[in-house]
Amino acid sequence: MRLCGWVLRSKVIGKVVIVEVSGSSVKPYVLVGKEDVDPGLYNTLKDLPLGSAICFEGEPSETQKSKRGVEYNVKSVKVYSKPSEPLPVELVGKVPSLLDTRIKYRWLLLRNPLEKAIFKVRQSVIEAARRYLIENGFIEVHTPKIVAAGAEGGATLFKVQYFEREAYLSQSPQLYKQMLVSSLPRVFEITPYFRAEKFNTTRHLNESWGIDVEQGFIDGLEDVLNTLENLVAFIVNYVRENNKEELETLGVELPRISTPFKRLRFEEAIDILRSNGVEVQESEDLSDQAERELGKIMAEKGHDLYFIVGFPWPSTGFYYMREEDGYHTRKFDLDYRGLEIASGGQREHRYERLLEAMKLKGLDPSNFSFYLEAFKYGMPPHGGFGLGVERLLMQMLGLSNIREAAIFVRDRTRLIP
RNA sequence: GCCGCCGUAGUAUAGCCCGGUCUAGUAUGCGGGCCUGUCGAGCCCGUGACCCGGGUUCAAAUCCCGGCGGCGGCGCCA
């Protein structure tokens, strides 16, 4: 068997040399050279600097003494590349790097089992989502990332020059997804979101990824909530089953998730906070701190994941369906341990009402004519959501900063690498 | 945009408050030596740093001002 990777650790103890090689799995390959058994191999391994790119021919050894990796009996080693200078960061965690350094050298640090484990789990999240949605009749689509208008107005959009016109990077596939539901009853897209918001927090990125779903012919909001809760439960349980090595490496205990998730009405959430002594302003949305407090309270009651439904109209987008009272909407958030990981709702599919809602929000319908036209020819009742990949990963793995969940980070100050 | 904290070898840090004792300490990495399986092995020798600019002072890593960079909080949101 031929295996390849990079020298991660190397230790010479007298006449024995032990080399760990970072390959495709989280746990390294372990190569052992003994001077009195195979002097040639011993010398080759002894002289390999950290970071060397090598391949070796070998089979798993009958003696497995290493606590970190899988040992191989090595027949031959081929060295493809040696570093021209010492590595800029520790890959083994003897001297942990600061987050800033970790982000700068992520492409190199991915040789480290911990760092690699995070992104192998991320891969599983995407794989599980795609599998679940396809199995449930959703079609994967791709919508434009260069757009003429955003879902919410222009404040948070990145401008780009599109020949002689001004265009924007898409902050959400929302409007396109809805248009597609006029022909394809179930669609989803795994997509980047671009947000030009100048925040600097542990849970915001300016380029992030979402699992975006839209579903037509629904009987009500419950259909959308069902899809989302089952999707999230499938993803988490999939990771639990398929990433045992990664979770162990990261020291993460991932409890099995069952559905349904608790549904809290917006007012209920505020009441719970107040009855637990948390001051909540009379407002149309929950502050981040309030959300965190609610997360703690809900966790004590055994709810890691819960919906908050029925957000007031003043704090929501124009496209959410309003209840008869004109104040509550069918917009919801999904919170995971006090952090919003998804939001969505039932949309307004009735043309006249949609037009009226846009005007109420101060938007000019003529800027959205391409979108509005889709509501003229038999738009079914529909709803959907966007699920943040980095946020889901962050909460699943207990990461303290969302930047840990993105390989190459785009935030307020980072544009390279 | 506002507020707070921080910037010392490749990496991670001590020293800064109370200026001189700093020829800037330690770990890791790197170079060399010892050790017959290490588990962040261990031991010995060597190597390399005060973000930039200005100011105060006999004397600045240390105090002051400006710049640049990082971390976090708020708003907003996935």
Side-chain angles (χ1 to χ4, degrees), chain A residues 8-20 27-28 30-37 42 49-51 61 63-69 71 83 85-105 108-109 112 150-153 155-156 171-174 191-212 228 281 283 285-292 311 315-317 331 333-336 339-344 385-395 400-403 405-406 411-414:
Chain A
L8 191 62
R9 299 160 60 102
S10 170
K11 189 68 202 171
V12 182
I13 304 124
K15 293 174 181 167
V16 178
V17 55
I18 299 166
V19 170
E20 290 179 19
K27 288 194 175 174
V30 180
L31 318 186
V32 181
K34 299 185 181 179
E35 190 173 20
D36 43 12
V37 176
Y42 173 84
L50 292 190
S61 170
T63 53
Q64 292 290 339
K65 293 191 195 173
S66 170
K67 290 173 186 168
R68 269 193 299 266
E71 292 190 27
E85 47 187 279
L87 304 183
V89 282
E90 278 302 307
L91 296 185
V92 191
K94 290 181 192 175
V95 182
S97 303
L98 295 171
L99 184 59
D100 185 41
T101 311
R102 283 175 62 194
I103 293 167
K104 182 177 175 189
Y105 288 112
L108 188 57
L109 278 162
N112 175 316
E152 321 269 356
T156 61
Q171 62 174 188
S172 162
Q174 164 83 33
T191 174
Y193 301 149
F194 303 98
R195 310 252 160 121
E197 286 159 347
K198 294 179 181 176
F199 38 58
N200 179 27
T201 78
T202 52
R203 58 208 170 276
H204 293 272
L205 294 169
N206 292 291
E207 180 178 319
S208 67
W209 283 75
I211 297 160
D212 238 286
L228 178 52
Q281 304 266 323
S283 88
D285 209 346
L286 291 176
S287 74
D288 193 75
Q289 201 194 345
E291 268 193 308
R292 273 199 297 268
F311 280 85
S315 69
T316 65
K331 187 221 162 171
D333 281 352
L334 174 62
D335 281 31
Y336 190 178
L339 181 69
E340 183 187 336
I341 62 165
S343 73
F385 55 84
L387 171 62
V389 172
E390 289 85 4
R391 287 209 174 169
L392 174 59
L393 196 61
M394 183 182 171
Q395 295 308 87
S400 58
N401 192 312
I402 197 167
R403 282 162 259 244
D411 63 14
R412 182 71 183 87
T413 54
R414 265 175 269 259

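Letters go in sequence order (proteins before strands), and every chain restarts at 1.
When the P atom is compared between B:A24 and B:G48, the two are found 10 Å apart, to the nearest whole Å. Taking the P atoms as reference points, B:U62 lies 14 Å from B:C6, given to the whole Å. Taking the C1' atom of each, B:U47 and B:G19 are spaced 30 Å apart, rounded to whole Å. Taking atom P on both B:A61 and B:C71, the two are 27 Å apart, rounded to the nearest angstrom. Taking atom P on both B:G25 and B:C51, the two are 16 Å apart, rounded to the nearest angstrom. For B:C44 and B:A49, the C1' atoms lie 24 Å apart once the distance is rounded to whole Å. Taking the C1' atoms as reference points, B:U11 lies 35 Å from B:U57, given to the whole Å. On the P atoms, B:A78 is 44 Å away from B:C63, given to the nearest whole Å.
Close to B:C74, at under 4.0 Å from its OP1 or OP2, lies a side-chain N or O of A:Arg203. Residue A:Thr202 has a polar side-chain atom (N or O) positioned under 4.0 Å from OP1 or OP2 of B:G73. Put simply, A:Ser66 has no side-chain N or O that comes within less than 4.0 Å of OP1 or OP2 on B:G37.
Across all strands shown, A:Ile18 has heavy atoms under 4.0 Å from base atoms, whether or not it also approaches the sugar-phosphate. Residue A:Thr413 is classed as a sugar-phosphate contact, given heavy-atom separations below 4.0 Å to backbone atoms only. Within 4.0 Å (heavy atoms only), A:Gly386 reaches sugar-phosphate atoms of the nucleic acid but no base atom. Within 4.0 Å of A:Ser97, counting heavy atoms only, lie sugar-phosphate atoms of the nucleic acid but no base atom. As judged by a 4.0 angstrom heavy-atom cut-off over every strand, A:Arg414 is placed among residues touching the sugar-phosphate backbone only. Contact annotation for A:Ser208: base contact, defined as any heavy-atom pair under 4.0 Å involving a base atom. Among the atoms of the strands shown, none is found under 4.0 Å from any heavy atom of A:Gln64. No contact: A:Val92 has no heavy atom under 4.0 Å from any strand.
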Protein and nucleotides 28-34 of chain B: nitrogen or oxygen contacts under 3.5 angstrom:
unit_1 : atom_1 : unit_2  : atom_2 : d
B:U28  : O2'    : A:Glu90 : OE1    : 3.3
B:U28  : O2'    : A:Glu90 : OE2    : 2.8
B:G29  : OP1    : A:Lys94 : NZ     : 2.9
B:G29  : O4'    : A:Glu90 : OE2    : 3.2

Short heteroatom pairs, N/O only, protein and nucleotides 13-15 of chain B, under 3.5 Å:
none

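Annotation: side-chain hydrogen bond (donor to acceptor under 3.5 Å, both in side chains) contacts of A:Gln395 (sequence neighbours excluded): none. Residues forming a side-chain hydrogen bond (donor to acceptor under 3.5 Å, both in side chains) with A:Asp335 (at least two apart in sequence, or on another chain): none. Listed by chain and number, the residues in a side-chain hydrogen bond (donor to acceptor under 3.5 Å, both in side chains) with A:Arg195 amount to none (sequence neighbours excluded). Residues passing the side-chain hydrogen bond (donor to acceptor under 3.5 Å, both in side chains) test with A:Thr191, sequence neighbours excluded: A:Lys145.
Across every strand in view, B:C2 sits in a pair with B:G73 that passes the Watson-Crick or G-U test at under 3.5 angstrom.
A donor N or O paired with an acceptor N or O is not found under 3.5 Å between the base of B:C71 and the side-chain atoms of A:Arg403.
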